[in-house]
Amino acid sequence: MPCVYECEYVVLCPDICGFGNNRLQVILYHQGKYHENNKTLKCRINKDTHLYTLIIRPNATYEVKIDNEKVTTGGLEDDWDFLPPRKIKDPYARKPRKWDERLQIEDPEDKKPEDWEDSEFIPDPEAKKPDDWNEAMDGVWEGPLIPNVKYKGQWKPRIIDNPNYQGEWIHPEIDNPKYKPDPTICQYYNISVLGLDLWQVKSGSIFDNFLLTNDEEFAEEVGNKTWGLRKDVEQQWREMYEEMEKKKEAEEAKRKREKQRARQEDIWGLDEEDEEDNEEDMEEEPDEKPKQEDGADRASLGKKEAGFGQKDEL
């Protein structure tokens, strides 16, 4: 992982912890604070080894490479919030009240037709109030509603382009009085320490070939002579290993299917009984050996006792 550093407290690391997380963290330390890159940089998430390179130049520009190919470049002031912004919105500017940002409007000249039916239900014209209906007791009689066969839906005027459209109002900006350029952003000294702060939720990560230098060409050359020589061979071995694992999984799945098919065809359960008998025999075999050993021990003890008895008699 060769990196060209011209800055102190630099963090360059792939971040793939958590579901869906895939970022290349580029964090720089300046005036007592850590600042993340404002761009969204993606790292490589396959199983191959990759080469990450960060170049920070004395003219306050930077470049990020993955596998010796440029991923992004830019200025430190533009892509990190080291300093206050150069421009801010004018606090005294206000959008005019009559500013029209509507791209389209309803046609004011469009009128609803007189025969337009926008009532989905209407009173049943054939319904009649019952003769025994008492409004004093029952309230005002209302006939039942039926679907309106002439219903056309809710009427809306047609939409036309707004002739008074002025576009989106843009807040004017002014120079930020708090902004002061800092030419010393990349002026650090005594860069001689490399630290590793590792946090991983899955084992298998390997780090090697760290390089800190001020020579961009030398860093690229070292990367080609280390990672560049191994990458193709490593990819071939990985593909071969994955192919072998696939074959093992396929063979195991095939054995399971054949075993399941045999169980389905064995309607009398003979194979299961044979398997149980074999398991019982395997369980009984270890018990017989201790019995034989116990018998041999007892026989040897009997001989010793007999020997002791003969000595006593003598």
Problem set entry | Verdict with supporting geometry, Asp79 and Lys39, salt bridge (charged side-chain N to carboxylate O under 4.0 Å, His left out) | CA-CA 7 Å; Asp79 296 340; Lys39 294 180 179 180; 3.4 Å; yes
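- Val233 and Tyr241 are not part of a single hydrophobic cluster, where members link through side-chain heavy atoms under 4.5 Å apart.
- Here the closest non-hydrogen pair linking Asp182 and Glu77 is N-OE2, 4.3 Å.
- Taking a cutoff of 4.0 Å between a charged side-chain nitrogen and a carboxylate oxygen, Lys231 and Asp67 do not qualify as a salt bridge.
- In summary, the side chains of Asp48 and Gln235 do not present any donor paired with an acceptor at a separation below 3.5 Å, with no hydrogens or angles considered.
- Side chain of Glu234 to backbone of Thr49: a donor-acceptor contact under 3.5 angstrom is found.
- One distance of note links CD1 of Ile66 with CG of Leu41; it measures 7.5 Å at 0.5 Å rounding.
- Between the NZ atom in Lys150 and the NZ atom in Lys152 there is a gap of 9.5 Å [rounded to 0.5 Å].
- Rounded to the nearest 0.5 angstrom, Lys65 NZ and Thr72 OG1 are separated by 13.0 Å.
- The existence of a salt bridge linking Arg86 and Asp78 is confirmed by a sub-4.0 Å separation between a basic side-chain nitrogen and an acidic carboxylate oxygen.
- Listed here is the closest heavy atom pair of Pro108 and Ile160: CD-CD1, 4.3 Å.
- Between Asn68 and Asn224, some side-chain heavy-atom pair lies under the 4.5 Å cut-off.
- Contact check on Asp107 versus Arg158 returns a salt bridge, with a Lys/Arg side-chain nitrogen under 4.0 Å from an Asp/Glu carboxylate oxygen.
- By the 4.5 Å heavy-atom criterion applied to side chains, Pro123 and Leu145 are counted as neighbours.
- Here NZ of Lys247 is found 8.5 Å from CE of Met244. Values are rounded to the nearest 0.5 Å.
- In this structure, the separation between CG on Asp15 and CG on Leu24 is 9.5 Å, given to the nearest 0.5 Å.
- Taking a cutoff of 4.0 Å between a charged side-chain nitrogen and a carboxylate oxygen, Arg238 and Glu242 qualify as a salt bridge.
- Counting heavy-atom neighbours within 6.0 Å of Glu245 CD, excluding the residue itself, gives a total above 12.
- In this structure, Trp99 contributes its side chain and Glu168 its backbone to no donor-acceptor pair below 3.5 Å.
- Ion pairing between a basic and an acidic side chain is recognised when a charged N comes within 4.0 Å of a carboxylate O; Asp175 and Lys87 show such pairing.
- Heavy atoms only, all atoms of each residue included: Ile88 and Pro177 are closest at CD1-CD, 4.1 Å.
- At a threshold of 4.0 Å, the pair Lys225-Glu221 counts as salt-bridged, since one of the basic side-chain nitrogens sits closer than that to a carboxylate oxygen.
- Residue Leu51 holds its CG atom at 11.0 Å from CZ of Arg44, rounded to the nearest 0.5 Å.
- Contact detail for Ile105 and Pro163: the closest heavy-atom pair is CD1-CD, 4.1 Å.
- Side-chain atoms of Gln104 and Asn162 include no donor-acceptor pair closer than 3.5 Å.
- Panel note: side chain Asn148, backbone Ser119; a donor-acceptor pair is recorded below 3.5 Å.
- Ion pair Lys156/Glu106 not flagged as a salt bridge, since none of the NZ, NE, NH1 or NH2 atoms sits closer than 4.0 Å to an Asp/Glu carboxylate oxygen.
- Judged by distance alone, the side chain of Gln25 and the main-chain N or O of Glu36 form no donor-acceptor pair under 3.5 Å.
- The main-chain N or O of Asp100 is found under 3.5 Å from a side-chain atom of Gln166 such that the two form a donor-acceptor pair.
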For this session: Please step through side-chain contact (heavy atoms from CB on, under 4.5 Å) for the pair Asp118 and Gln154, ending with a clear verdict.
Result: CA-CA 5 Å; Asp118 53 8; Gln154 185 180 1; 5.5 Å; no
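- Side chain of Asp90 to main chain of Glu173: no donor-acceptor pair is present (N/O by atom type, distance under 3.5 Å, no hydrogens or angles).
- Both Ile185 and Tyr179 are assigned to one and the same hydrophobic cluster, defined by single-linkage of ILVMFWY side chains at heavy-atom distances under 4.5 Å.
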Exercise. Between Val26 and Leu54, is a side-chain contact (heavy atoms from CB on, under 4.5 Å) present by the stated rule, with each step listed?
Worked result: CA-CA 8 Å; Val26 185; Leu54 172 62; 4.1 Å; yes
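- With a 6.0 Å radius and a threshold of 12 heavy atoms from other residues, nucleotides or ligands, Trp169 has its CH2 atom above the threshold.
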Problem set entry | Evaluation steps, side-chain hydrogen bond (donor to acceptor under 3.5 Å, both in side chains), between Asn59 and Thr61 | CA-CA 6 Å; Asn59 61 352; Thr61 61; 2.6 Å; yes
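- Annotation: Lys70, atom NZ; neighbour count of heavy atoms from other residues, nucleotides and ligands within 6.0 Å does not exceed 12.
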Problem set entry | Stepwise side-chain contact (heavy atoms from CB on, under 4.5 Å) check, Thr73 with Ile55 | CA-CA 9 Å; Thr73 185; Ile55 304 172; over 6 Å; no
Problem set entry | side-chain contact (heavy atoms from CB on, under 4.5 Å) between Leu28 and Phe82, worked out | CA-CA 9 Å; Leu28 303 181; Phe82 294 131; 3.6 Å; yes
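- Looking at Trp155, its side chain never comes within 3.5 Å of a backbone N or O of Lys112 through a donor-acceptor pair.
- By the 6.0 Å contact criterion, CZ on Phe218 is open, its count of non-hydrogen atoms from other residues, nucleotides or ligands being 12 or less.
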Problem set entry | Candidate pair Glu135 and Lys129, rule salt bridge (charged side-chain N to carboxylate O under 4.0 Å, His left out), full reasoning | CA-CA 11 Å; Glu135 292 187 356; Lys129 183 173 66 173; 3.5 Å; yes
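- Inter-residue side-chain proximity for Tyr151 and Phe121 is flagged as unmet; no heavy-atom pair is nearer than 4.5 Å.
- A donor-acceptor contact shorter than 3.5 Å is absent between the side chain of His171 and the backbone of Lys89.
- Ion pairing between Asp208 and Arg230 holds under the 4.0 Å rule for side-chain N and carboxylate O.
- The minimum heavy-atom distance between Asp110 and Pro157, with the atom names listed, is OD2-CA, 3.5 Å.
- Atom CD1 of Ile45 has 12 or fewer neighbouring heavy atoms from other residues, nucleotides or ligands inside a 6.0 Å radius.
- Proximity of Met240 to Gln236: side-chain heavy atoms (C-beta onward) are nowhere separated by under 4.5 Å.
- Side-chain N or O atoms of Trp133 include one that pairs as donor or acceptor with a backbone N or O of Gly139 at under 3.5 Å.
- You'll find the side chain of Tyr62 reaches within 4.5 Å of the side chain of Leu76, heavy atoms only.
- Residues Pro125 and Ile146 approach most closely at CD-CD1, 4.0 Å, considering heavy atoms.
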